[in-house]
Amino acid sequence: MNTRAQRIIFWCLIAGIVAMGSLLAFHRQHFRNSVAAMAEDAPLDAPTASTEPITLLLANDAEGTVTATNRQIALPQEVTARVRSLLDHLNAEYALPGSAHPLPPGTMVDDVFLLPLPIVGHAQNNSASSSSPTDTSSANPTATASADNPPSSPVASTDPTALQPQSPGGELAVVNLRSSFVSQHPSGVEVESLTLFSIIGTLHANVPQIEQVRFLVDGQPRETLAGHADLLRTYPSRDTSIAASSLSLKKK
């Protein structure tokens with residue numbers, strides 16, 4: 001016949017087993033979530049095996065400047081994957097401890113689209129449709145995405161009298177930012193403008209055919225980055241390695 005002490009030991013063992021099982025289940029789920037998050041933020045395109053010199057235009061909040069900085073980085077060869085990887089590396093610099101322009105960690109960009117200049121109108125993005133966009137310049141670019149109204153993006157002009165690129169092969173880069181990045185971006189005229197200077201300058205330094213840059217957020221137009229810097233205008237691609245106060249990317 002079991003004594004009282006034996007019964008206490010028995011139930012303590014049962015409680016320990018249950019607690020251990022719960023702890024293992026918790027850690028298993030936490031590990032799965034971590035793997036899923038890593039998979040979401042991992043680049044879709046593997047870089048080349050060898051590194052190459054690239055130039056990042058890095059912002060400094062204290063000085064209000066954007067400075068060209070050289071790095072050795074392995075990048076994909078396909079141009080749109082290359083541009084997206086450049087911007088991922090740029091944001092990774094800002095997520096480092098002690099960054100002069102601290103930004104939230106994670107992936108900055110969902111997609112980058114390169115379109116031949118000139119650009120007019122918008123086309124509805126539909127995964128089931130043909131890859132050749134149709135010019136729909138009367139479309140409302142600020143409409144909300146839905147099943148009946150998918151996100152829109154600029155399309156190339158077929159009008160020979162339209163404004164031509166500055167050089168043959170000039171392109172517009174449409175940078176589709178993640179809403180998770182935008183929602184965590186610090187608010188302020190200078191800090192937002194510096195982020196845009198940094199992106200535009202990095203594209204200018206490494207992809208010379210990009211002559212203009214536009215921004216979307218989760219595939220849709222958005223008025224500002226975090227309340228100040230204008231995301232509705234088209235920016236010329238240019239060298240931004242000068243004091244931010246001498247440039248104007250602010251919302252009018």
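Across all non-hydrogen atoms, the minimal contact from Pro102 to Pro186 is O-CG, 4.0 Å. Looking at every heavy atom in both residues, Ser187 comes nearest to His228 through OG-CE1, 3.3 Å. Taking every heavy atom of both residues into account, Ala62 and Asn60 meet most closely at N-OD1, 3.0 Å. When all heavy atoms are compared, the tightest approach of Ala229 to Ser193 is CB-N, 4.1 Å.
Once rounded to the nearest 0.5 Å, the distance linking CD of Gln184 with OG of Ser179 reads 9.5 Å. Between atom CG of residue Leu103 and atom CD of residue Glu93 there is a gap of 11.5 Å, rounded to the nearest 0.5 Å. Here the straight-line distance linking atom OG1 of Thr51 with atom CG of Leu75 works out to 9.5 Å at 0.5 Å rounding. The line from OG of Ser237 to CD of Gln209 is 9.5 Å long, rounded to the nearest 0.5 Å. To the nearest 0.5 angstrom, Thr65 atom OG1 is 10.5 Å from Leu57 atom CG. Rounding to the nearest 0.5 Å places CD1 of Ile54 at 5.5 Å from CG of Leu86.
With Ser99 contributing its side chain and Ala95 its backbone, the two residues share no donor-acceptor pair below 3.5 Å. Not a single donor-acceptor pair under 3.5 Å links the side chain of Thr234 to the backbone N or O of Arg214. Checked by atom type and distance alone, the side chain of Arg178 never pairs as donor or acceptor with a backbone atom of Ser180 at under 3.5 Å. For Asn91 (side chain) and Gly106 (main-chain N/O), a donor-acceptor pair under 3.5 Å exists by modelled atom type. Judged by distance alone, with hydrogens and angles left aside, the side-chain atoms of Ser85 form no donor-acceptor pair with the main-chain N or O of Ala81 at under 3.5 Å. Between the side chain of Glu211 and the main chain of Glu171, no donor-acceptor pair closer than 3.5 Å is present. Of the possible donor and acceptor atoms, none in the side chain of Thr55 sits under 3.5 Å from a partner among the backbone N and O of Ala205.
The hydrophobic clustering, which links ILVMFWY residues whose side-chain heavy atoms are closer than 4.5 Å, places Leu203 and Ile73 together. Under a hydrophobic-cluster definition in which Ile, Leu, Val, Met, Phe, Trp and Tyr are linked whenever side-chain heavy atoms come within less than 4.5 Å, directly or via other members, Leu117 and Leu115 are assigned to the same cluster. Residues Val191 and Val66 are members of separate hydrophobic clusters, defined by side-chain heavy-atom contacts under 4.5 angstrom among Ile, Leu, Val, Met, Phe, Trp and Tyr. Cluster membership for Ile210 and Ile199, using ILVMFWY side-chain heavy atoms within less than 4.5 angstrom, is shared.
Taking the side chain as every heavy atom from C-beta outward, Gln72 and Pro53 approach each other to under 4.5 Å. In this structure, the side chains of Val112 and Val174 stay at 4.5 Å or more apart for every pair of heavy atoms. Annotation: side chain of Val175 is not in contact with side chain of Leu216 (no heavy-atom distance under 4.5 Å). Taking 4.5 Å as the limit, every side-chain heavy atom of Thr224 sits out of range of all side-chain heavy atoms of Asp230. Residues Leu114 and Leu172 form no side-chain contact, since every pair of their non-hydrogen atoms from C-beta on lies 4.5 Å or further apart. For the pair His89/Arg71, no side-chain contact is recorded, criterion being any heavy-atom separation below 4.5 Å from C-beta on.
Here ring-ring contact (aromatic ring centres under 6.0 Å, His included) pairs that include residues 53-73, with residues two or more places apart or in two chains, number zero.
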Audit row: Asn176, Phe215, side-chain contact (heavy atoms from CB on, under 4.5 Å) steps and yes/no: CA-CA 6 Å; Asn176 186 25; Phe215 293 94; over 6 Å; no

side-chain contact (heavy atoms from CB on, under 4.5 Å) between Leu58 and Leu90, worked out: CA-CA 8 Å; Leu58 296 180; Leu90 181 66; 3.7 Å; yes

Residue pair Asp110, Leu177: steps toward the side-chain contact (heavy atoms from CB on, under 4.5 Å) verdict: CA-CA 6 Å; Asp110 255 338; Leu177 301 172; over 6 Å; no

Derivation and outcome, side-chain contact (heavy atoms from CB on, under 4.5 Å), residues His204 and Thr202: CA-CA 5 Å; His204 174 83; Thr202 297; over 6 Å; no

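The pair Arg82-Glu52 counts as a salt bridge, with a side-chain nitrogen and a carboxylate oxygen less than 4.0 angstrom apart.
For His101, the ring pair (Phe, Tyr, Trp, His ring centres under 6.0 Å) partners two or more places apart in sequence, or in a different chain, are Tyr94.
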